[in-house]
Amino acid sequence: MKENISVLIDNETIEKRIKELGEQISRDYEGEDIHLVGILKGSVIFMSQLAKCITVPVTFDFMSVSSYGNETESSGVVKIAKDLDEVIKDKNVLVVEDIVDTGRTLSYLLELLKQREPADVKLCTLLDKPDRRVADVHVDYTGFEIPDKFIVGYGLDYAQKYRNLPYIGIIEFEEE
């Protein structure tokens, strides 16, 4: 199977939008601290860029949550491979995700985090596929709404490949 990748969103457009998100988040949390919770592995590049654009104090933590494995379709089964290292009680938590697709994983995760009694839990995603949503998930900060295509680059992968692409690309498969 041959993998073809076409550019959907170029690097300059992504970085401009991340700067705008950072400015908006900074305004919304003026005078407060934010605890960023990155969802591994896809959010790492986005979260790193976003954190540099936020002017209020931030702390970091990470979770590894998956419902994909090496497939292009969600299995619907949420697996937590790495939980938070720090207690989030009374903290302003901003979950940073690479993409919101069906919403199943994030719906589960957001409910889990709310049970830990943070002051606030909000969601920031680089990419949103609202056409695929099957679970009710409110996204507070969205980089881009995208079509229902399989996406790679800027942290997003297919079978652990293509995370390092500096753009968002659509991957398509063809027989060799």
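What you are looking at is a predicted structure, and each value in this text was computed from that prediction instead of being measured.
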Taking the six-membered ring for Trp, are Tyr162 and Tyr167 closer than 6.0 Å centroid to centroid? no
Return yes when atom CD of Glu174 has more than 12 non-hydrogen atoms of other residues, nucleotides or ligands closer than 6.0 Å, and no otherwise. yes
Using 0.5 Å steps for rounding, measure from the CG atom of Asp61 to the CG atom of Asp83. 8.5 Å
Flag the pair Pro147 / Asp131 as yes when at least one side-chain heavy-atom distance between them is below 4.5 Å, and no otherwise. no
Within the distance-only criterion (no hydrogens, no angle test), does the side chain of Thr13 pair as donor or acceptor with the backbone N or O of Ile9 below 3.5 angstrom? no
SG-CD distance between Cys53 and Gln24, expressed to the nearest 0.5 angstrom: 13.0 Å
Take Glu172 and Asn4, measure what side chain to side chain donor-acceptor pair (under 3.5 Å) needs, and give me the verdict at the end. CA-CA 5 Å; Glu172 296 177 298; Asn4 295 315; over 6 Å; no
Polar side-chain atom of Lys82 near backbone of Phe62 as donor-acceptor pair, under 3.5 Å: yes
Distance only, no hydrogens: is a donor on one side chain within 3.5 Å (strictly under) of an acceptor on the other, for Tyr154 and Asn11? no
When you measure from the side chain of Lys129 to the backbone of Lys149, do you find a donor-acceptor pair of N or O atoms at a distance under 3.5 Å? yes
Backbone of Leu127 reached by a side-chain donor or acceptor of Thr125 within 3.5 Å: yes
Do Asn92 side-chain atoms and Asp33 backbone N/O form a donor-acceptor pair below 3.5 Å? yes
Side chains of Tyr29 and Asp120, donor plus acceptor under 3.5 Å: yes
For residues His138 and Asp140, is any side-chain donor paired with an opposing acceptor at under 3.5 Å? yes
Can you tell me if Arg17 uses its side chain to pair, donor with acceptor, with the backbone of Thr142 under 3.5 Å? yes
With rounding to the nearest 0.5 Å, note down the distance linking CZ in Phe150 to CG in Leu156. 8.0 Å
Salt-bridge criterion met for Lys19 and Glu23 (N-O under 4.0 Å): yes
Taking Arg133 first and then Asp128, would you say they form a salt bridge - that is, a charged N and a carboxylate O separated by under 4.0 Å? yes
